[in-house]
Amino acid sequence: MSFRDTGPLIALVVIVGIFAALSPGFRTLSNAQNIMDAAAVLAVVTCGVTFVLMMGSIDLSTPGIMGASAITVALLVANNRNDNELGLLGVALAILVAAGLGCLSGLALVLLKVPSFMTTLGVSAVGLGVATLLFAGVQPNISDGTLSGWAVDRFLGLSTLTWIAVACVLVGWMVQRYTRLGRYAFAIGGAEEVLALSGVNVKPYKVAVFTMAGAFYGLGGVMVTSQLGAGLVQAGRGYDFSAITAAVVGGTLLAGGRGGVLHSTVGVLLVTVLTNGLVLVGVSPYWQGGVQGLIVVAAVAAAVIPQRRRNQVTK
Amino acid sequence: MNMQIEPEQRATAPVTALEVRGLVKHYPGVKALDGVDLVVRQHEVVGLAGENGAGKSTLLKALVGLVRPDDGEIWVRGEKVRLRSVVDAADHGIGMVFQEQSLVPNLTVAENIVLGSEGLGVRRGVYRWDAMRRLAQEQLDKIGSRIDPLARTDTLTFADRQMVEIAKVLRIEERTSHPPVIILDEPTSVLESKEIDALFTQVRRLREFASVVFVSHRLDEVLDVCDRVAVLRGGQSVGELPTADAAPDQLHRMMIGSTGSDDHYHGAAVEPPAEPREPRLVVRGLCGRTFRDVDLDVHAGEIVGIVGVHGSGREDVCRALFGAEPTTAGEVTLDGEELDLSGTRAACAAGVGYVPAERKTEGMVGPMSVADNMTLTKQEARCSGPLVRPRKQAKLVDTWIQRLSIRTPHRGTPIQRLSGGNQQKVVLARWLVSGDVRLLLLDHPTRGLDIGARSEVYRLMRELASSGVATVLLADSLEEAIGMSDRIVVMNDGRATTEVDAPVGDKPTPLDLVKEMV
Ligand SMILES: Nc1ncnc2c1ncn2[C@@H]1O[C@H](COP(=O)(O)OP(=O)(O)OP(=O)(O)O)[C@@H](O)[C@H]1O
Ligand SMILES: [Mg+2]
């Protein structure tokens, strides 16, 4: 464990400490629950984006894929627009659609050799397009008990959504540590040409990583639908950059080959604690965005300082 | 073809493991291979010698399926083959240790060793770390290495990484029942002499069960470890030599096709520097992360070599003088003025030039052209204000391409397409072009260069010295340090411990220095 790995964790502890000292409202059990619940969707989405970042690619398709899956699930479970009542099968199908869209990013990347920045931006637009077509001007409100229950039912004080997020992080970590897919994603970020020299065809792995990331975003979209009780085209708005920010704050390198799911999860908590804490400490809402940005940059810098060399290349 | 074996000989000759006939590969503007023949027999170490750009690497890449030849044939154990990929080559028992960058730095040693053919180490896409470690350990045992298979690769030393590469390449044994052919492209260029000895022990061990193709620009090494040397010149085979009774200069003559000068350090040809007055560079009590209290004087026109083993800190001293490595204390003056060590820009502005050892990552911008790389520090050579002036640049660059006989199709060719030696010449030329260098710091300036190119670099260094440039040299070998330097500073554990004068005609022996180094 280098400082780079523990740095964000230390930053998290320090920030929690500061807020706890400043605000009595922050150091309550119910606020801890709030933070965990608020972090759930971002944690799931960040799991997906982490694998893409680990390869040294980038993924901006999150809003589109989440939007598509949010509308899809809302139209497949019991809702006010049609007679579908697929329940959990509907959830699975929505995630499948999302995985398909992710797969599309990956295919465009390896077959057309278009950089991931562009392909994922394109797929995001496609996803939003699909969502808008399905939305057709009338908002689908869900009446499926299970799905809406996820946001409110609690187990050990945490909502089902939060437990889903915990499960996702665990699965993500296992994939990263114990599967060829995860290790190759890591290796691709480290030295892709070496894999080729060793006779590994990296293309299927790249496609698989984008597909898996898509599935995570899809689940994220489903979770947002459960929270809102309705399928919205904008379900995933802003999640692209907050997920990337959280991953980077946690120590996952944009250049690839470094970090991982656990790192990113620490980043997610850090970002969520900041949002929560700033409100409770009473920072004016007009200031919050700016202050949060500054603290994020400071946290990243603090994590990188011990690593810094002269003439280090930063992109 | 002079190398074909007569039928009656064939019965008694050792089995041919690999044979190349009339291999041709053209790149735009260059014939990298122009009809090359090569025979490798079983249990034989074959050396491959040739100047920079002679086509050695291209030939070897063709043998592992990375270069598709335009014409010619490759035969493996009497069977004609077409090698389309590294996997293809591995299936035929041919594997290569590449000169640089062929391990994934952020994976463990074990993963690197089994990469691409994990076998039992992965079941249905799921890693079984135990099995993986055992597989890797088996490979490491083959070469008697004690590296921890679960260590992250980027924590190893260069020499250890090379051992890992050899362990990795030996996995091709699992793919064929025949003795493999192992190719080593310039494996020694970055190693220290002790590490080289260890590598040679490995090569001799490999010979017991494999054939080896070995490339190096240090001809004494080639003669030492190989049974036979094949020589390439300009993409053609020009013959071969049994090593038993060959001398380095005989081999060198074959490489360049004429008699070369014996004293390639050009030591005697240059006047010893005039009786010096104030030293140009004065370093007092310089401290940094890996060195302490270093004192160093270099006069104008003088070449001072710094020698020391791995970890002596000499590289960092060199970098510190260029502002590329932080210092904690000490005073440095250049021509009586304090030298600003806060960064590389300040150093460049003060007339300090630096040739880094890591050419690929620090010395050049790979995809940029030869011309742009050469004029990187002297922007005014190609620009007026913010505008690029191509014609002005072209003239200057062409002059230097000619003066240094850099083999490139054109000044606009991306530098990464040049052979290693020619790349280095471009990097050196950068400081020659700028013309106002007062202190030149050379960190292994001849790494990967053939004798001819090295000799030219030496001549350039002499020329620069006689024009008054002060030079600090971290030589590639002790012989080079002794041959080139006027004075040698020995560094030990971060301190400059001894200083030895090395004037022409009264040079110390390598042994004298080794005694001081350890
Ligand atoms: N990908 C490429 N594109 C264009 N030209 C190339 C390419 N690879 C090699 N060449 C050219 O082919 C020639 C032979 O290069 P090669 O790398 O085989 O030389 P080498 O004998 O290995 O030299 P060195 O000792 O410097 O490594 C050189 O002139 C080089 O510029
Ligand atoms: Mg070469």
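Computed over heavy atoms, backbone and side chain alike; hydrogens, waters and symmetry mates excluded. Residue numbers start from 1 in every chain, and the chains themselves are labelled A, B, ... in the order their sequence lines are given, proteins ahead of strands.
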Q: May I ask you to name which of A:M174, A:R177, A:R183 has the most heavy-atom pairs under 4.5 Å with chain B?
A: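 Highest number of pairs under 4.5 Å: A:R183.
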Q: Is any NZ, NE, NH1 or NH2 atom of the basic residue among B:E173 and B:K142 found under 4.0 Å from an Asp or Glu carboxylate oxygen of the other?
A: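 Salt bridge between B:E173 and B:K142, a charged N being under 4.0 Å from a carboxylate O: yes.
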Q: With a 4.0 Å cut-off, would you call B:E118 and B:R171 a salt bridge?
A: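 Salt bridge flag = no for B:R171 with B:E118.
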Q: Ring pair (Phe, Tyr, Trp, His ring centres under 6.0 Å) between B:Y127 and A:Y178: does it pass, once the steps are laid out?
A: CA-CA 5 Å; B:Y127 268 41; A:Y178 289 103; 8.4 Å; no
Q: Looking at B:D154 and B:R152, is any side-chain nitrogen of the basic one under 4.0 Å from a carboxylate oxygen of the acidic one?
A: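 Counted as a salt bridge, because a side-chain N and a carboxylate O are separated by less than 4.0 Å.
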Q: Looking at A:A191, A:G199, A:S198, which one has more heavy-atom pairs under 4.5 Å with chain B than the rest?
A: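 Ranked by heavy-atom pairs under 4.5 Å with chain B, first place is A:S198.
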Q: B:V122 versus chain A, heavy atoms under 4.5 Å apart: side chain, backbone, both or neither?
A: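 Contact with chain A is through the side chain of B:V122 alone.
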